[in-house]
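Notes to accompany the following structure.
All chains are named by letter (A, B, ...) in the order of the sequence lines, taking the proteins before the strands, and each is independently numbered beginning at 1.
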Amino acid sequence: MGKTVTFALLSGSTENEDAVFAVKLATALLDRGNKVNIFLYGNGCNLANKAVPRADRSPISDGLRAHMDGFVLDAAIESLAGKGAAVVTCHTTEYSRGTEGLEYLKGVARGDVGASFTRMLLASDVLFTIGQ
Amino acid sequence: MLYILNKPCASSLAQLAAVSAGDDEAWVLLVSDAVFLGTDEGLKRFAGLDAESFYAARDAMETRKVTLSGKVEPLDYGGMAELLEDADKIIML
């Protein structure tokens, strides 16, 4: 019988590799039949939103872009949600960061610590707090 | 019990020593920068730990060009997921 694994992801993209690690491990767990919850908190909540690309060409060089693309998790997070993972943000951290009105990636839901995250914890076998 | 380390810092090792005291079946999984502890030299930092097995995240090891000790088994994400499933308890430090 699979486990229910909850990730409290506190780091956003690029500040370290915690977000990449969490999403890849969550994907592997889900693919093996486990249940996965991801709660995006702190800088992690920035992973919830759809990208807003520049209208003109980004000044980032092609070489650097290729490197940075390894930290872009939009497709992986939408894929996780599409496979059944619960991906939920903390709306108050979004508010304080000024991102509350941005559009979510497909499958991401608005949430909070008191209800959404607490429900995840009550039903979890494993909790990972990843990031800083 | 499975212990997961993602940083090679002294405080993480001190925490590991504290929480694993008496655990003679400890599994240690090294991820991110903690894979630097998976070398022959790095494993000496676990001298006080009665670890049964050491594992390391393969992608973190390859990215950092770390040569693991023969005592450390590299795992892809599927392998890490399987390890998590097999562990009765898990602590991430």
Exercise for the section: Can you tell which part of F21(A) gets under 4.5 Å to a heavy atom of chain B, answering side chain, backbone, both or neither? Expected result: both

Problem - Atom group of L127(A) that falls short of 4.5 Å from chain B, counting heavy atoms - result: neither

Exercise for the section: Any pair with a residue in residues 39-50 of chain A that passes salt bridge (Lys or Arg N to Asp or Glu O under 4.0 Å), sequence neighbours left out, goes on the list, sorted by first then second residue, please. Expected result: K50(A)-E103(A)

Exercise for the section: Look up atom CG in D74(A) and atom CG in L105(A), then write down how far apart they are to the nearest 0.5 Å. Expected result: 5.0 Å

Practice task
Answer whether the closest heavy-atom distance between the side chains of L84(B) and L25(A) falls below 4.5 Å.
Solution key: yes

Exercise for the section: Report yes if the side chains of F7(A) and M120(A) come closer than 4.5 Å at any heavy-atom pair, otherwise no. Expected result: no

Would you enumerate the inter-chain donor-acceptor pairs between chain A and chain B whose distance is below 3.5 Å?
{"from": "K3(A)", "atom 1": "NZ", "to": "L84(B)", "atom 2": "O", "distance (Å)": "2.8"}
{"from": "K3(A)", "atom 1": "NZ", "to": "E85(B)", "atom 2": "O", "distance (Å)": "3.4"}
{"from": "K3(A)", "atom 1": "NZ", "to": "A87(B)", "atom 2": "O", "distance (Å)": "2.5"}
{"from": "E17(A)", "atom 1": "OE2", "to": "R64(B)", "atom 2": "NH2", "distance (Å)": "2.1"}
{"from": "R32(A)", "atom 1": "NE", "to": "E85(B)", "atom 2": "OE1", "distance (Å)": "3.3"}
{"from": "R32(A)", "atom 1": "NE", "to": "E85(B)", "atom 2": "OE2", "distance (Å)": "2.9"}
{"from": "R32(A)", "atom 1": "NH2", "to": "E85(B)", "atom 2": "OE1", "distance (Å)": "2.7"}
{"from": "N34(A)", "atom 1": "ND2", "to": "E85(B)", "atom 2": "OE2", "distance (Å)": "2.6"}

Practice task
Can you spot which of D112(A), T89(A), V113(A) makes a side-chain contact (heavy atoms from CB on, under 4.5 Å) with F39(A)?
Solution key: V113(A)

Practice task
Could you tell me whether the side chains of E94(A) and T99(A) share a donor-acceptor contact shorter than 3.5 Å?
Solution key: no

Handout entry: Validation row, ring centre F117(A) to ring centre Y41(A) under 6.0 Å
Key = no

